[in-house]
Asks: 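What follows is a single structure, and I will ask about it in a moment.
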Number of protein chains: 2
Amino acid sequence: MNATSGTLAIGALSKRTGCKVETIRYYERARLLPIPARSPGGYRLYGSAHLKRLTFIRRARALGFSIDEVRKLFKLADERTRPCAEVRVVAGAHLEDVQAKIADLRAMERVLRETVAQCANGRRADCPLIEALYREVPEQASHQPSAPNRRRKILKADQ
Amino acid sequence: MNATSGTLAIGALSKRTGCKVETIRYYERARLLPIPARSPGGYRLYGSAHLKRLTFIRRARALGFSIDEVRKLFKLADERTRPCAEVRVVAGAHLEDVQAKIADLRAMERVLRETVAQCANGRRADCPLIEALYREVPEQASHQPSAPNRRRKILKADQ
DNA sequence: CTTGAGTCTCTAGTTACTACAGACTTTACC
DNA sequence: GGTAAAGTCTGTAGTAACTAGAGACTCAAG
């Protein structure tokens, strides 16, 4: 639409960024994207600032930052005074999270692979995988979250 | 409570399995745990079958199986005819998912580590991490989900 | 018999979206 | 200019896997 000036309708912005229309509106509600101008008929009109900001969001999300972390990063990016150190803190914490998740997943992978392998050549009625699942839950508690860390909800039935 | 016979109140079952009381009730609503008997006053009373089943659930969840996959595994475990092969299919698909997640996370980790490292010794106002986030989103699309695979919601802002 | 811990149901919150329904706006074509 | 198709609007509700709270009730111990 509106080819004049740099304004984009939401669909065009969607195509440029690969971000779904509903998701863009969601980001607006979530206060990640600033409220755009509107056409006389009420359509959202985005400028290049929105494009840049949405690109940032997409990229950060692709790197696994949560919405809340993205908000933090924006704050740090917007106030242009010495962001580097503080950004490094946020990103460093996230990096540790990612590494912890990798470790967890690798442990899972190992158990799965071993059990599936035992399964593979078995032909009897008692499946080693099923048997394994019926065994006591390993405590595995001693795996201190690398920081006073609130996240990590995905992988663990922890606690 | 009720020390006679093998029955456990929900709190006792919770302690035995390390699964929160609310989660146990949630599993009942989700039809993962069979509906237990009740005391005259309406308290849930669990037997050893419930204990075993809940142990199974916890263990499978700890290995990253979804609730729905756990349901499938139960089905296969319950009908005791040649489960091994079919179980292997379910577990194998899950294993592939886990491996794909690991690959994604490792890619994230690499980018994060590199950028944070650049950050670390920087002292100027333009933070390399922030700059990196403002760059175009890499397409990275060509990463076919190893199966007609519906899951994989966590890591990607895919599509 | 009272007290306090345990349990009950029901509802709503979380995260990051996604998917409608039903109405309205814009654009494209004739 | 008129009409049809495509785009967009708001609002609500759904997803996964729990978690948290309110307010009422039960149970076991002293």
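Just so we're on the same page: letters track the sequence lines, and every chain starts at 1.
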Asks: If the cut-off is 4.0 Å, is A:S39 near the phosphate of D:dT8, judged by side-chain N/O to OP1 or OP2?
Replies: no
Asks: Measure from the side-chain heavy atoms of A:E22 and tell me the nearest of C:dA19, C:dA16, D:dC18.
Replies: C:dA19
Asks: Taking C-beta and beyond as the side chain, do A:E28 and A:P36 meet within less than 4.5 Å on heavy atoms?
Replies: yes
Asks: Compare side-chain N and O positions of B:Y27 against OP1 and OP2 of D:dC18 and report whether any pair is under 4.0 Å apart.
Replies: yes
Asks: Hey, mind stepping through B:Y134 and A:T55 against side-chain contact (heavy atoms from CB on, under 4.5 Å) and telling me if it holds?
Replies: CA-CA 6 Å; B:Y134 271 121; A:T55 303; 5.9 Å; no
Asks: Whole-Å distance between D:dC18 P and B:D68 CG?
Replies: 13 Å
Asks: Of A:I57, A:I24, A:L13, A:L33, which is the lone residue that meets side-chain contact (heavy atoms from CB on, under 4.5 Å) with A:C19?
Replies: A:I24
Asks: Kindly say if A:S66 contacts the phosphate of C:dT15, meaning a side-chain N or O under 4.0 Å from OP1 or OP2.
Replies: no
Asks: Show the distances under 3.5 angstrom between N or O atoms of the protein and N or O atoms of nucleotides 9-14 of chain D.
Replies:
from, atom 1, to, atom 2, distance (Å)
D:dC9, OP1, A:R44, N, 2.7
D:dC9, OP1, A:R44, NH1, 3.0
D:dC9, OP2, A:R25, NH1, 2.6
D:dC9, OP2, A:R44, NH1, 3.3
D:dC9, O5', A:R44, NH1, 3.4
D:dC9, O3', A:R38, NH1, 3.3
D:dT10, OP1, A:R38, NH1, 3.2
D:dT10, OP1, A:R38, NH2, 3.0
D:dT10, OP2, A:R44, NH1, 2.9
D:dT10, OP2, A:R44, NH2, 2.7

Asks: Rounded off to whole Å, could you give me the CD1-to-C1' distance for the B:I57 and D:dA17 pair?
Replies: 13 Å
Asks: What integer distance in Å separates A:L33:CG from C:dC17:P?
Replies: 12 Å
Asks: Using the six-membered ring of B:Y43, assess whether NZ or CZ of B:R38 lies under 6.0 Å from its centre and within 45 degrees of the ring axis.
Replies: no
Asks: Would you mind reading off the distance between A:R61 atom CZ and C:dT15 atom P, rounded to a whole angstrom?
Replies: 12 Å
Asks: Separation of B:Y26 atom OH from D:dG21 atom C1', in whole Å?
Replies: 19 Å
Asks: Of the options C:dT7, C:dC17, C:dT26, whose atoms approach the side-chain atoms of B:A9 most closely?
Replies: C:dT7
Asks: Rounded to the nearest angstrom, tell me the gap between atom CZ in A:R31 and atom C1' in C:dA16.
Replies: 18 Å
Asks: Does A:E86 pair with A:K72 as a salt bridge, N-O distance under 4.0 Å?
Replies: no
Asks: Rounded to the Å, how far apart are A:R58 CZ and C:dA16 C1'?
Replies: 13 Å
Asks: Measure the spacing between CZ of B:R113 and CZ of B:R106 and express it to the nearest 0.5 Å.
Replies: 10.5 Å
Asks: Would you mind reading off the distance between A:I24 atom CD1 and C:dA19 atom P, rounded to a whole angstrom?
Replies: 15 Å
Asks: Take B:P40 and B:I67, find for each the nucleotide of DNA chain D with the closest heavy atom, and name the residue whose nucleotide sits nearer the 5' end.
Replies: B:I67
Asks: Could you list the residues that satisfy ring-ring contact (aromatic ring centres under 6.0 Å, His included) with A:Y26, not counting sequence neighbours?
Replies: none
Asks: Would you please confirm or rule out a distance under 4.0 Å between OP1 or OP2 of D:dA17 and any side-chain N or O of B:K20?
Replies: no
